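A quick write-up on the structure given underneath.
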Amino acid sequence: MPPQGFEARLEHLVESTFGRLFKSGLQPAEFGRKLRRAMDDHKVVSAAGRVVVSNHFDFTISLADDESLAGMEGTLRRELAELARGHARDEGYTFVGPVDVTVAAAETVARGTILLDARIVEGPGALPPGSLLLPTGDRVPLGEYVVSIGRHDDCTVVLADPNVSRNHAEIRPVNDGFAVFDLGSTNGTKVNGVRINEHQLRSGDEVRFGNTLVRFEAS
């Protein structure tokens, strides 16, 4: 049986506003089911023992079904990318590049049909992908550069939190991932409730800067 976490996210996909905009027989949930099958059926075990799955998903639908999306392709792509990230967390899968979803239309595709080409696409510099999910819902991508966090206007991530120092912390690429480093902040940096000086991040880690909580996702 598929994990309940995935089913709950899939139900949200179906019940969301754009889901009700489909005027043809095309079902939003079928995008999610195809995406999950592609991840589950084409796993690769790396030399380090990690289970690597597809992170690049190209969907193709008919011209008529594309019209039924009513300009909501961007919402659909974002929802599907979140489904992929959530399923990877549930199953312990690893991506080797950012999650990317495209939806295109073709004359050769019959109405009501969804085609999917799913591939493993390595990220720039072969660095595993990562991002910070902010309380606002914004996502800050991580890569081969330092991300500074604090109240100072020059920081990469500026937090309007009086409990955050002007130059509070940094997230840096290290080894095969990312780590957070406290910069001697007044109120400290915590990962999953534990105060740290430096910490190698794992997907799902909750990092607190002052009173601001962000989540690290390896995708």
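As the structure is a prediction and not an experimental result, all values here were calculated from the model.
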>> Side chains of Ser131 and Arg139: any donor to acceptor distance under 3.5 Å?
In response: yes

Rounded to the nearest 0.5 Å, the CG atom of Leu134 sits from the CG atom of Leu159 at a distance of 7.0 Å

Looking only at heavy atoms, the pair that brings Asp161 and Asn211 closest together is OD2-N, 2.8 Å

- Query: If only atom types and distance count, is the side chain of His152 paired as donor or acceptor with the main-chain N or O of Ser165 below 3.5 Å?
  - Reply: no

Quiz prompt | Asn187 side-chain N/O to Asn163 backbone N/O, donor-acceptor pair under 3.5 Å | solution = yes

Within the side chain of His199, is there an N or O that forms a donor-acceptor pair under 3.5 Å with the backbone of Leu201?
-> no

Tell me, with the steps shown, if Val147 and Glu170 meet side chain to side chain contact (heavy atoms under 4.5 Å, CB included). CA-CA 6 Å; Val147 172; Glu170 289 180 345; over 6 Å; no

In this structure, CZ of Phe209 is separated from CD1 of Ile149 (nearest 0.5 Å) by 3.5 Å

- Message: I'd like to know whether Thr94 forms a side chain to side chain contact (heavy atoms under 4.5 Å, CB included) with Val51, so could you lay out the CA-CA distance, the side-chain angles of the two residues, the decisive distance to 0.1 Å, and finally the verdict.
- Response: CA-CA 6 Å; Thr94 298; Val51 180; 5.9 Å; no

| query | Do Thr102 and Phe57 come close enough that some side-chain heavy atom pair is under 4.5 Å? | reply | no

N-O pairing of Arg36 and Glu91 below 4.0 Å: no

Please tell me whether Asp100 and Asn55 have a donor and an acceptor in their side chains that are separated by less than 3.5 angstrom.
no

Separation between CD1 (Ile61) and OG1 (Thr113), nearest 0.5 Å, reads 10.5 Å

- Message: Is there a side-chain contact between Val52 and Phe95 in this structure, where contact means two heavy atoms from C-beta onward sitting under 4.5 Å apart?
- Response: no

Salt bridge flag under 4.0 Å for residues Glu206 and Lys190:
no

Closest non-hydrogen atoms of Glu217 and Ser203, given as atom of the first, atom of the second and distance, are CA-OG, 3.9 Å

field: Flag, side chain of Asp205 to backbone of Arg202, donor-acceptor distance under 3.5 Å
entry: yes

Apply side chain to side chain contact (heavy atoms under 4.5 Å, CB included) to Val174 and Gln200, showing your working.
CA-CA 8 Å; Val174 296; Gln200 179 90 25; 3.4 Å; yes

| field | Residue Arg37 excluded, over 12 heavy atoms near CZ under 6.0 Å | value | yes

Taken to the nearest 0.5 Å, the spacing of Arg33 CZ from Leu116 CG works out to 14.5 Å

Nearest heavy-atom approach of Gly32 to Leu80 is N-CD2, 3.9 Å

- Does Ile196 belong to the same Ile/Leu/Val/Met/Phe/Trp/Tyr cluster as Val214, with side-chain heavy atoms less than 4.5 Å apart forming each link? yes

Taking every heavy atom of Ala105 against every heavy atom of Thr60, the minimum-distance pair comes out as C-CG2, 4.4 Å

Rounded to the nearest 0.5 Å, the CG atom of Leu83 sits from the CZ atom of Arg78 at a distance of 13.5 Å

* With no hydrogens and no angle check, is any side-chain donor or acceptor of Asp65 less than 3.5 Å from a backbone partner on Arg111? -> no

Q | Same cluster (ILVMFWY, side-chain, under 4.5 Å), Phe178 and Tyr145 | A | yes

Practice task
Could you tell me whether Arg166 atom CZ has more than 12 heavy atoms of other residues or ligands within 6.0 Å of it?
Solution key: no

same_hphob_cluster(Val164, Val140) at 4.5 Å side-chain heavy-atom cutoff: yes

The reported gap from OG1 in Thr186 to NE2 in His168 (rounded to nearest 0.5 angstrom) is 8.5 Å

Less than 4.5 Å apart, side chain to side chain, heavy atoms only: is that true for Leu115 and Lys34? no

Would you say CG of Asn197 has more than 12 non-hydrogen atoms from neighbouring residues, nucleotides or ligands within 6.0 angstrom?
no

Q | Worked check of side chain to side chain contact (heavy atoms under 4.5 Å, CB included) between Val191 and Phe216 | A | CA-CA 10 Å; Val191 177; Phe216 169 75; over 6 Å; no

TODO: Go through the side-chain N and O atoms of Asp40 and His87 and say whether any donor and acceptor fall under 3.5 Å apart.
DONE: yes

Query raised in the report: Are any non-hydrogen side-chain atoms of Pro135 and Leu213 less than 4.5 angstrom apart?
Result: no

Applying side chain to side chain donor-acceptor pair (under 3.5 Å) to Asp182 and not counting sequence neighbours gives Ser185, Thr189

Minimal heavy-atom distance between Cys155 and Gly150, with the atoms involved, is SG-N, 3.6 Å

Report task. Give a yes or no answer on whether the side chain of Ser148 reaches the backbone of Thr156 with a donor-acceptor pair at less than 3.5 Å. Result -> yes

### Query
Do Arg172 and Phe181 meet the cation-pi criteria used here (NZ or CZ under 6.0 Å from the six-membered ring centre, within 45° of the axis)?
yes

Worksheet item: Transitively linked via ILVMFWY side-chain contacts under 4.5 Å: Leu63 with Ile114?
Response: no

Q. Do Arg77 and Glu79 sit within salt-bridge range, that is, some charged N less than 4.0 Å from a carboxylate O?
A. no

**Request:** Decide yes or no for Val158 and Arg151: does some side-chain heavy atom of the first lie under 4.5 Å from some side-chain heavy atom of the second?
**Result:** no

